[in-house]
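Worksheet: one structure, shown below.
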Amino acid sequence: MRLTRYFLPVLRETPAEAQIVSHRLMLRAGMIRQQAAGIYSWLPLGWRVLRRIETIVHEEQQRAGHIPMLMPTLQPADLWRESGRYDDYGAEMLRITDRHKRDLLYGPTNEEMITDIFRAHVGSYKDLPLTLYHIQWKFRDEIRPRFGVMRGREFLMKDGYTFDIDRASALHAYNRHMVSYLRSYERMGLTAIPMRAASGPIGGDDTHEFLVLAATGESEVFYDDAVTGLRLGNRAIDYDDRAAVQAVCDEFTALYARTDETHDPVAFAAVPEARRRVGRGIEVGQIFYFATKYSAPMGATVVNAEGQRVPVHMGSHGIGVSRLVGAIIEASHDDRGIVWPEGVAPFPVGIVNLKQGDGAADAACAGLYAALVAKGIEPLYDDRDERAGAKFATMDLIGLPWRITVGPRGLAAGKVELTCRRTGESEEISPEAAVDRVAQVVAGR
RNA sequence: CGGAGUGUGGCGCAGCCUGGUAGCGCACCUGCUUCGGGAGCAGGGGGCCGGAGGUUCGAAUCCUCUCACUCCGACCA
């Protein structure tokens, strides 16, 4: 993409309403525009990041055997009357009336709807286990939206629903989600720690939240510092192997890590003092096993092997996709701007032409651009007629992981400059070598 | 919803107290010079001052109502 043909409305000054760094940077980098309290347009650069995150979530969910679909944003009120939540949900639910005076609502979540779909089409234990998910916009009419996309009213969320014949199978589904989430966050360059959350309706270990450590987080967290060193890495995982999946979950939940809701000072005191940490975290996901809470009242049953009709065991599992954009920035930025992890960067590399209009520089940039595209990489080429400082400042702000700088001085020696945004290190190499290096990194992400 | 604020060009702000018909910086347009970390000079365009009433010869400014947004708190992916 050539910058002169793109839409990247960067701001030099920070809009007054933005209080936290991710919100400020998203506005300055031209990623979002607020349309109302807690409601944002995603401008082209922001949209790209959102799509990258969404893609990672899709890939990891499907790797775990979960099935994508799409449910609508608007839902009939009657479904929610069935579960009893039409009244329970309160003012946070946005209610709408259509021209025929029918009650609708903008979905804050989809348990009722997925249960309706399930009961209409599934009748036998032989159809289980089943995990369906979608990534769709939600609306929760928060009392006080804040922090940009981190606490918006409209937000993009992946929500998955599991249907199993019994508790053991449902817990395997729960565990699959934990592992797939860990892998998703790692691909996004995040360290997200599963923490035991406030216990659900059946108590016990049936819900975990995933927290990204950040000073601006909304939750207070208590943890053993050793959890921050745990990595899945590239290990192969067979999601159908219950014992193997359980082992991974055990590994990631063995150390003390809890939010203020479930914090246990006595257990925390058992953590070696040097590793005891109190901090703040941003919740970027939650997994939840709730047994038959929805299936029983809504009649989502199957016939089991003994011929009896039984309610299915369900779970719901969510990842805050749009919130992740903010969370990643909170976790990865410096005083000059965003530092995108490779996995979610809107463009993997930027090309900076220091002397637009100079024949040699223009030709070198065009050559680099074509060579990168030929390798399946789309660079962002700053071909504006701007001075070097302005171009560098823009690149630093929008945080592309790599920058190839092309100028007459280097070209005279046949070199361009390849700079890593994260480390700031740069090296003078040939254009061909620069393309190869970037291709290598992108392939490995 | 309780408390505290703010609405003036795309962004950041001044002007308001003490009414006299809107200004600064950035951005934008034109020209010249410049050109490896947000250039300089010159010229130029853009705002019925959130909205509605009212007071007044005259309202961005005073009064009333209203809408929106922000911050602190209780609630939440």
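None of the values given here were measured: they were computed from a predicted structure. Proteins get letters first, then strands, A, B, ... in listed order; numbering begins at 1 in each.
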Exercise. For A/E218 and B/C72, what is the distance between atoms CD and C1' respectively, to the nearest whole Å?
Worked result: 14 Å
Seminar exercise, completed: Taking a pair to mean Watson-Crick or G-U wobble geometry with both distances below 3.5 Å, B/A4 pairs with B/U70
Exercise. Which pair of heavy atoms, one from A/L27 and one from A/E17, lies closest together, and at what distance?
Worked result: CD1-OE2, 3.8 Å
Exercise. Mind checking who B/C32 pairs with, Watson-Crick or G-U wobble, both distances under 3.5 Å?
Worked result: B/G40
For this session: Rounded off to whole Å, could you give me the CD-to-C1' distance for the A/E142 and B/G73 pair?
Result: 15 Å
Exercise. Do A/E60 and A/S180 meet the criterion of a side-chain donor-acceptor pair at a distance under 3.5 Å?
Worked result: no
Problem set entry | Spacing between A/F147 atom CZ and B/C75 atom C1', to the nearest angstrom | 14 Å
Exercise. Distance between the C1' atoms of B/C28 and B/G10, in whole angstroms?
Worked result: 9 Å
For this session: Would you kindly give the CG-to-C1' distance between A/N353 and B/G37, to the nearest whole Å?
Result: 16 Å
Exercise. Which whole number of Å gives the distance between the C1' atom of B/C32 and that of B/U70?
Worked result: 45 Å
Problem set entry | Touch class at under 4.0 angstrom, heavy-atom based, for A/G152 against every strand present | base
Exercise. Expressed as a whole number of Å, how far does the C1' atom of B/C26 sit from that of B/A39?
Worked result: 14 Å
Problem set entry | Distance, rounded to the nearest Å, where A/E154 contributes CD and B/A77 contributes C1' | 14 Å
Problem set entry | Distance-only polar pair, side chains of A/H313 and A/Y289, donor-acceptor under 3.5 Å | yes
Problem set entry | Strand partner of B/C17, provided both Watson-Crick or wobble distances fall under 3.5 Å | none
Seminar exercise, completed: Residue pair A/R140/A/P145 against RNA chain B: nearer the 5' end by closest nucleotide is A/P145
Seminar exercise, completed: The nucleotide from B/C69, B/A77, B/G37 with an atom nearest the side chain of A/F155 is B/A77
Exercise. Side-chain donor-acceptor pair under 3.5 Å between A/H66 and A/Y161, yes or no?
Worked result: no
Exercise. Can you tell me how far P in B/U66 sits from the matching atom in B/A22, rounded to whole Å?
Worked result: 31 Å
Problem set entry | Whole-Å distance separating the NE2 atom of A/H134 from the C1' atom of B/A77 | 13 Å
For this session: With C1' as the reference atom in both, quote the distance from B/A60 to B/G7 in angstrom, rounded to an integer.
Result: 11 Å
For this session: Would you indicate what A/T394 reaches in the nucleic acid, counting non-hydrogen atoms under 4.0 angstrom: base, sugar-phosphate, or nothing?
Result: base
Exercise. Would a 4.5 Å heavy-atom cut-off, applied to side chains only, mark A/L418 and A/V438 as touching?
Worked result: yes
For this session: With side chain to side chain contact (heavy atoms under 4.5 Å, CB included) as the test, would you mind laying out the steps for A/I117 and A/M71 before giving the verdict?
Result: CA-CA 10 Å; A/I117 291 167; A/M71 288 176 271; 4.0 Å; yes
Problem set entry | Gap between atoms CD and P, on A/Q35 and B/C67 respectively (whole Å) | 21 Å
For this session: Take atom C1' in B/C62 and the same atom in B/C17, then report the distance between them in whole Å.
Result: 11 Å
Problem set entry | B/C72 phosphate, OP1 or OP2, under 4.0 Å from A/Q19 side-chain N/O | no
Exercise. Given B/C11, is OP1 or OP2 found less than 4.0 Å from the side-chain N or O atoms of A/R28?
Worked result: no
For this session: Consider the side chain of A/D396, meaning its heavy atoms from C-beta on, and name the nucleotide among B/C69, B/G37, B/A77 that approaches it most closely.
Result: B/G37
For this session: Round to a whole Å and report the spacing from CD1 of A/I143 to P of B/C71.
Result: 15 Å
For this session: Classify the angle between the aromatic ring planes of A/F268 and A/Y256 as parallel (below 30°), tilted (30 to 60°) or perpendicular (above 60°).
Result: tilted
Exercise. Distance only, no hydrogens: is a donor on one side chain within 3.5 Å (strictly under) of an acceptor on the other, for A/Q246 and A/D250?
Worked result: yes
Exercise. With both distances under 3.5 Å as the test, what is the Watson-Crick or G-U wobble partner of B/C26?
Worked result: B/G10
Problem set entry | Rounded P spacing from B/C63 to B/C1 in Å | 25 Å
Exercise. Just checking, is any N or O donor in the side chain of A/S426 or A/R403 under 3.5 Å from an acceptor N or O on the other one?
Worked result: no
Exercise. So what does A/E17 hit on the nucleic acid, given a heavy-atom distance under 4.0 Å: a base, only sugar-phosphate, or nothing?
Worked result: sugar-phosphate
For this session: Using a heavy-atom cut-off of under 4.0 Å over every strand shown, decide if A/D159 touches base, sugar-phosphate, or nothing.
Result: nothing
Exercise. Distance between the C1' atoms of B/G73 and B/G54, in whole angstroms?
Worked result: 37 Å
Problem set entry | Reading 5' to 3' through nucleotides 25-36 of chain B, protein heavy-atom contacts under 4.0 Å coded B for base, S for sugar-phosphate only, - for none | BSS------BSB
